[in-house]
Each structure stands twice: as C-alpha cells, then as structure tokens.
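Start at 1 and go down the list; that is how both ligands and their atoms are numbered.
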Amino acid sequence: MSKQVYILNGPNLNLLGKRQPEIYGNETLEDVRLSCEAFAGEAGLAVEFRQSNAEHELIDWIQEAREKADGIVINPAAYSHTSVAILDALNTCDFPVIEVHISNIHRREHFRHHSYVSARADGVIAGCGTQGYTLALQRLATLLKEA
Ligand code: DQA
C-alpha cells in the first residue's frame, strides 16, 4: 500500500506565480501540486495537497494527518516565524516532517531567519525554489523506506 503524505501550504501561497515572482518564481501552486503528484506517483507515495490562509485550518490538517498520514511536507509560510501552535501540532506527530521554504529565508529580512517549525522538522529545505517540494518528497520517501 502507498504511504500517505500530506503537503500543507500556509498563507499567501495561493498567490504563487502572481506574488513577488522575483522572490517566489512564476510557477503557480497548481503547478507545484502537479509536480508533487508526478513525483509521488513514481516514488509510490499518495499525496494530499492543501493550502490555507488560516492558522487553525493548518492545525486541523496536521491533526488529521496525525491519524491518516505517514509524513508531512509543510511550507508554513509566514506562520513559520510566528506560530508556536503549528509547532505544538507538529510535535504531536510521530512521523517525518520536512519543512520547505521556496526562498532562502536566511538571506532575507532578519525576522524570517527563525522558524518555530524547524524545532520539529526532520529536514529543512530553503532557497531551492518550488523544486524544494519535490526535494522534500524525495527525502520523505527515503525516510519512510528506512523506517
Ligand atoms: C516562505 C518564506 C516566508 O518567510 C514567507 O512568509 C512566505 C513564504 C517561502 O516559501 O519562501 O510566505 O515560506
């Protein structure tokens, strides 16, 4: 049976492709979903791909993944830098968590340098553009194979 992976996207990532393309590139979130699904198909993973602008919804989905999934890829977007609640939700999960940032948050404003989610993440990918999502899936597939 395929392993189930939730790919969760935080606020403003629905505007990918339109939003500051000099930072986040021209691909849309739908493009990212399609690349993730193609990669997952080859790696034998089943993908649930979601985006929300609401912190509580992301937390509800992490709690759902806790019951239904084998791993999470999450780009918490701005909530990375503010949300102890998302960290707490991820801390209830005992499967691999990979954090993704499209941009290199360490080369940007100081307030983006710290991510609460990194305290739980098994791996962090930043600055690889939207390719970071399939890199994260590749890592997750390795971790799930090893488990
Ligand atoms: C982001 C980086 C965050 O600092 C920012 O708030 C985002 C996107 C990224 O993917 O590079 O919305 O997580």
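- Under a 3.5 Å cut-off, the side chain of Asn9 and the backbone N or O of Ser52 do not form any donor-acceptor pair.
- Nearest heavy-atom pair across Ala141 and Leu45 is CB-CD1, 4.1 Å.
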Could you list each N/O atom of ligand 1 together with any protein N/O atom closer than 3.5 Å, one pair per line with the distance?
residue  : atom   : partner : partner atom : Å
ligand 1 : 4 (O)  : His81   : NE2          : 2.7
ligand 1 : 4 (O)  : Arg112  : NH1          : 2.9
ligand 1 : 6 (O)  : Ala78   : N            : 3.2
ligand 1 : 6 (O)  : Arg112  : NH1          : 3.1
ligand 1 : 10 (O) : Asn75   : ND2          : 2.8
ligand 1 : 10 (O) : Ile102  : N            : 2.7
ligand 1 : 11 (O) : Ile102  : N            : 3.2
ligand 1 : 11 (O) : Ser103  : N            : 2.8
ligand 1 : 11 (O) : Ser103  : OG           : 2.6
ligand 1 : 12 (O) : Arg19   : NH1          : 3.1
ligand 1 : 12 (O) : Arg19   : NH2          : 2.9
ligand 1 : 13 (O) : Asn75   : OD1          : 2.8
ligand 1 : 13 (O) : His101  : ND1          : 2.8

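- Among residues two or more places apart in sequence or in another chain, the side chain to side chain donor-acceptor pair (under 3.5 Å) test is passed with Thr142 by none.
- Residues His114 and Tyr116 bring their aromatic ring centres within 6.0 Å.
- Salt-bridge annotation for Arg50 and Glu64: present, with a side-chain N of the basic residue lying under 4.0 Å from a carboxylate O of the acidic one.
- Electrostatic pairing of Asp122 and Arg120 counts as a salt bridge here, judged by a charged N lying under 4.0 Å from a carboxylate O.
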